[in-house]
Amino acid sequence: MADRVEGATIGILGGTGDQGRGLAHRFARSGLAVVLGSRDAGRARSAADEVGHGVRGATNRDCVLASDLVVIAVPWDGHHALLTSLAADVGERIVVDCVNALGFDKQGAYPLAVDEGSACQQAAALLPTARVTGAFHHLSAVLLKDPTVDEIDSDVMVLGDDRDATDVVIDLAARIPGCRGIYAGRLRNAFQVEALTANLIAVNRRYKAHAGVRVTDVSP
Ligand SMILES: NC(=O)c1ccc[n+]([C@@H]2O[C@H](COP(=O)([O-])OP(=O)(O)OC[C@H]3O[C@@H](n4cnc5c(N)ncnc54)[C@H](OP(=O)(O)O)[C@@H]3O)[C@@H](O)[C@H]2O)c1
């Protein structure tokens, strides 16, 4: 089957952060054009230069406008305000939200109650014309960024209500060596996927790991 993401430009909002730079590294190495977004264009350009592989940097707004598909990789705290400010610019693009609505205290990470149900559902509410999906919640930024890591041993659970959009994102996930994109349900089931990250953080702390997830008995 044809690669449905071939030729697309991927924009990453909050792309100066660990997860944004990690995803940019993998997507750009696979041959896709990537633009890192930031609240500060200079910071975006510095981060893009650091990632290399032709990655460019821009303000978050210019990043959206330059992209076919937009990944949201900002902390939960900044999610609502950023998406509200960019809703008109995002338009009908495919959006991939990898934000985990988590809190942290002395006991570790825990899922937060979100009025809309999850970060993904909040994105869908704030970007009503966009084709919102969720993916990459469980991939470790440390592994994504590390140029000595050739393959990441993990599946990517892809959520969304638009079949074409989730199919594109499944192909985007397959751009990361070792990863498979697996359709994992509609946006109303994103809460569990985001919350599972709290369990993985606990695993990582206990076992000094960068754990991922595998879905068994599936041959997509
Ligand atoms: N780190 C991981 O391993 C990992 C794995 C899976 C999913 N995630 C998810 O990915 C998201 C990003 O994680 P991260 O570790 O990369 O976070 P991060 O480094 O703390 O932040 C990413 C970027 O977001 C921007 N930002 C920070 N606060 C903001 C605000 N209030 N409004 C708008 N932009 C803001 C900053 O860029 P500028 O200052 O340049 O604008 C920052 O570099 C999180 O929601 C996390 O749950 C992370």
Side-chain angles (χ1 to χ4, degrees), residues 10-27 34-51 55-64 70-87 89-90 95-104 108-112 114 118-123 126 132-146 149 152 154-159 169 172-173 176 179 181 190-205 208-213:
I10 313 300
I12 306 181
L13 305 180
T16 56
D18 289 337
Q19 186 71 350
R21 280 181 290 134
L23 290 169
H25 169 229
R26 297 295 167 175
F27 297 153
V34 179
V35 183
L36 294 186
S38 167
R39 291 168 293 182
D40 179 275
R43 202 154 53 233
R45 283 193 286 271
S46 300
D49 288 348
E50 197 185 304
V51 175
V55 173
R56 293 177 287 137
T59 62
N60 282 321
R61 179 167 186 271
D62 287 343
C63 168
V64 169
V70 179
V71 178
I72 305 169
V74 294
W76 168 242
D77 283 355
H79 191 258
H80 192 287
L82 182 72
L83 298 195
T84 302
S85 72
L86 294 175
D89 302 306
V90 172
V95 167
V96 187
D97 201 316
C98 73
V99 172
N100 295 304
L102 297 179
F104 295 85
Y110 62 95
L112 296 172
V114 176
S118 61
C120 282
Q121 287 166 287
Q122 183 179 90
L126 296 173
V132 174
T133 69
F136 308 119
H137 298 92
H138 305 143
L139 289 190
S140 155
V142 174
L143 299 182
L144 286 167
K145 284 196 306 181
D146 187 341
V149 173
I152 298 180
S154 186
D155 286 333
V156 172
M157 300 175 92
V158 178
L159 300 120
V169 177
L172 181 63
I176 302 172
C179 289
F191 173 83
Q192 301 88 276
V193 171
E194 295 173 21
L196 181 61
T197 306
N199 301 81
L200 290 175
I201 290 169
V203 169
N204 291 342
R205 287 188 176 168
K208 308 280 181 261
H210 302 293
V213 294

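Heads up: numbering here begins at 1 and tracks the sequence. All ligand and atom numbering here is 1-based and tracks the order in the structure.
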Asker: Return the closest protein heavy atom for atom 45 (O) of ligand 1 as residue, atom name and distance.
Answerer: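 For atom 45 (O) of ligand 1, the nearest protein heavy atom is V74 O, 2.7 Å.
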Asker: Between atom CZ of F27 and atom CG of L172, what is the distance when rounded to the nearest 0.5 Å?
Answerer: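 Reported to 0.5 Å precision, the distance equals 3.5 Å.
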Asker: Out of I201, T59, L144, L139, indicate the one that has the non-hydrogen atom closest to atom 5 (C) of ligand 1.
Answerer: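 Nearest option to atom 5 (C) of ligand 1, by heavy atoms: L139.
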Asker: Checking the N or O distance criterion of under 3.5 Å, is ligand 1 in contact with S38?
Answerer: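 In this structure, S38 places an N or O atom under 3.5 Å from an N or O of ligand 1.
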Asker: Within the 4.0 Å heavy-atom shell around V99, which atoms of ligand 1 are there?
Answerer: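 So the answer, numbered in order with elements, is 45 (O).
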Asker: Closer than 4.0 Å to some heavy atom of A73 - which atoms of ligand 1 meet that?
Answerer: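 Listed by number with element: 11 (C), 12 (C), 22 (C).
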Asker: Is the backbone N or O of N100 less than 3.5 Å from a side-chain atom of H137, with the two atoms forming a donor-acceptor pair by type?
Answerer: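 Absent.
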Asker: Please list the nearest protein heavy atom to atom 31 (N) of ligand 1 with its residue and the distance rounded to 0.1 Å.
Answerer: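 Among all protein heavy atoms, the one nearest atom 31 (N) of ligand 1 is G78 CA, 3.4 Å.
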Asker: Say whether H138, considering both its backbone and side-chain N or O atoms, lies within less than 3.5 Å of an N or O atom on ligand 1.
Answerer: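 Not met; the criterion fails.
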Asker: Do any nitrogen or oxygen atoms of D40 come within less than 3.5 Å of a nitrogen or oxygen of ligand 1?
Answerer: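 It does not: no N or O of D40 is found under 3.5 Å from an N or O of ligand 1.
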Asker: For the CD atom of Q19 and the CG atom of L139, what is their distance to the nearest 0.5 Å?
Answerer: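 Q19 CD to L139 CG: 6.5 Å, rounded to 0.5 Å.
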Asker: Quick one: does any side-chain atom of T133 pair with a main-chain N or O of V95 as donor and acceptor, under 3.5 Å?
Answerer: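 Confirmed, T133 side chain pairs with V95 backbone.
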Asker: For the side chain of Q121 and the backbone of F191, is there at least one donor-acceptor N/O pair under 3.5 Å apart?
Answerer: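 Judged by distance alone, no pair lies under 3.5 Å.
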Asker: Counting non-hydrogen protein atoms only, what is the nearest one to atom 46 (C) of ligand 1? Give residue, atom name and distance.
Answerer: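 Minimum-distance protein heavy atom for atom 46 (C) of ligand 1 reads N100 N, 4.2 Å.
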Asker: About how many Å separate OG1 of T59 and CG of D40, when rounded to the nearest 0.5 Å?
Answerer: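 Taking CG in D40 and OG1 in T59, the distance rounds to 9.5 Å.
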Asker: Hey, does A141 come in under 3.5 Å of ligand 1, counting only N/O atoms on both sides?
Answerer: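 Yes, at least one N or O pair falls under 3.5 Å.
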Asker: Can you tell which part of H137 has a heavy atom less than 4.0 Å from ligand 1: side chain, backbone, both or neither?
Answerer: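 Backbone only.
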Asker: Is the count of non-hydrogen atoms from other residues, nucleotides or ligands lying under 6.0 Å from R43 atom CZ greater than 12?
Answerer: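 Correct, the count exceeds 12.
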Asker: One residue to check: R39. Relative to ligand 1, which of side chain, backbone, both or neither has a non-hydrogen atom less than 4.0 Å away?
Answerer: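 It is both parts that get close, each with some atom under 4.0 Å.
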Asker: So L196 and N199, do their side chains get closer than 4.5 Å, heavy atoms only?
Answerer: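 When only atoms from C-beta onward are counted, L196 and N199 do touch, with a gap below 4.5 Å.
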Asker: Evaluate V74 against R39 for side chain to side chain contact (heavy atoms under 4.5 Å, CB included), listing each step before the verdict.
Answerer: CA-CA 11 Å; V74 294; R39 291 168 293 182; over 6 Å; no
Asker: Which option wins on minimum heavy-atom distance to atom 16 (O) of ligand 1: H80, R21, Q19?
Answerer: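 The residue whose heavy atom sits nearest atom 16 (O) of ligand 1 is Q19.
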Asker: Starting from atom 9 (C) of ligand 1, find the nearest protein heavy-atom neighbour and note its residue, name and distance.
Answerer: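 For atom 9 (C) of ligand 1, the nearest protein heavy atom comes out as C98 O, 3.3 Å.
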Asker: Ligand 1 and G17, any nitrogen or oxygen pair closer than 3.5 angstrom?
Answerer: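 Yes; the residue has a nitrogen or oxygen that sits under 3.5 Å from a nitrogen or oxygen of the ligand.
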Asker: Of the protein's non-hydrogen atoms, which lies at the shortest distance from atom 15 (O) of ligand 1, and what is that distance?
Answerer: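 The protein heavy atom lying closest is D18 CB, 4.1 Å.
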Asker: For atom 43 (O) of ligand 1, what is the closest protein heavy atom, and at what distance to 0.1 Å?
Answerer: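 Protein heavy atom at minimum distance: T16 OG1, 2.7 Å.
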Asker: Rounded to the nearest 0.5 Å, what's the gap from CG on L144 to SG on C179? Could you check?
Answerer: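 Reported value, rounded in 0.5 Å steps: 7.0 Å.
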Asker: May I ask which of G14, S85, G22, P75 has a heavy atom nearer to atom 21 (O) of ligand 1 than the others do?
Answerer: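 It is P75 that holds the nearest heavy atom.
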Asker: Can you find an N/O atom of N60 closer than 3.5 Å to an N/O atom of ligand 1?
Answerer: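 N/O-N/O distance below 3.5 Å does not exist for this pair.
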Asker: Please give me the minimum heavy-atom distance between A211 and N204, naming the atom from each residue.
Answerer: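 Here A211 and N204 meet closest at N-OD1, 2.7 Å.
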Asker: Mark yes or no for whether E194, through its side chain, and S118, through its backbone, hold a donor-acceptor pair below 3.5 Å.
Answerer: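 A pair under 3.5 Å: no.
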Asker: Using distance alone, decide if ligand 1 has a nitrogen or oxygen within less than 3.5 Å of any nitrogen or oxygen in F136.
Answerer: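 For ligand 1, there is no N or O atom that lies under 3.5 Å from one belonging to F136.
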